[in-house]
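To keep things clear, I will list the structure first and then write my remarks on it.
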Amino acid sequence: MHLVLDNYATHQAPPIQWWLLPRPRCALLLTPTSASWLNLAERWFGDLTTKKLQRSAPRTAADLEADSRAWIAGGNDYPRPYGG
């Protein structure tokens, strides 16, 4: 099993390495430090920011949460492979 992770230091910490030792079929694949476009979580949050949050003006944290949840629900209504 290949686990693709960003290059965050905790993914390379000794407890993670210890966990992997008895699991030789698991391999960590770390994205390059300067390649944020390969990190789908960063791309998803970037889309949320540019396509929804920068275009709205929520007045409260609850409004911000409602805007974010509405955007997420809209994406879930018509799912497709992620391409940005």
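What you see below is based on every heavy atom in this structure, not just the backbone, and it leaves out hydrogens, waters and symmetry mates.
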Considering all heavy atoms of both residues, which atom of Lys52 and which atom of Asp67 are nearest to each other, and what is their separation? CE-O, 3.5 Å
If you compare all heavy atoms of Thr50 against all heavy atoms of Arg55, which two are closest, and at what distance to 0.1 Å? O-NE, 3.3 Å
Sorted by chain and number, sequence neighbours left out, side-chain hydrogen bond (donor to acceptor under 3.5 Å, both in side chains) with Gln17 holds for none
Determine, using the 4.5 Å side-chain heavy-atom cutoff (strictly less than), whether Trp44 and Val4 are members of one ILVMFWY cluster. no
Spatial distance of atom CG (Asp77) from atom CD1 (Ile72) [nearest 0.5 Å]: 12.0 Å
dist Leu3:CG -> Cys26:SG (nearest 0.5 Å) comes out at 5.5 Å
Sequence neighbours left out, what passes side chain to side chain contact (heavy atoms under 4.5 Å, CB included) with Ile16? Give chain and number order. Leu20, Leu28
Glu65: partners by salt bridge (charged side-chain N to carboxylate O under 4.0 Å, His left out), with sequence neighbours left out: Arg69
Partner set under side chain to side chain contact (heavy atoms under 4.5 Å, CB included) for Leu21, not counting sequence neighbours: none
Under the rule for side chain to side chain contact (heavy atoms under 4.5 Å, CB included), what residues qualify as partners of Pro22, not counting sequence neighbours? none
Closest non-hydrogen contact found for Asp63 with Pro58 is CB-CB, 3.6 Å
So how far is it from Leu5 CG to Leu29 CG, rounded to the nearest 0.5 Å? 8.0 Å
Quick one: list whatever passes side chain to side chain contact (heavy atoms under 4.5 Å, CB included) with Arg25, sequence neighbours left out. none
Within a 6.0 Å radius of atom CZ on Arg23, are there more than 12 heavy atoms belonging to other residues, nucleotides or ligands? yes
Any Trp71 side-chain heavy atom under 4.5 Å of Asp47 side chain: yes
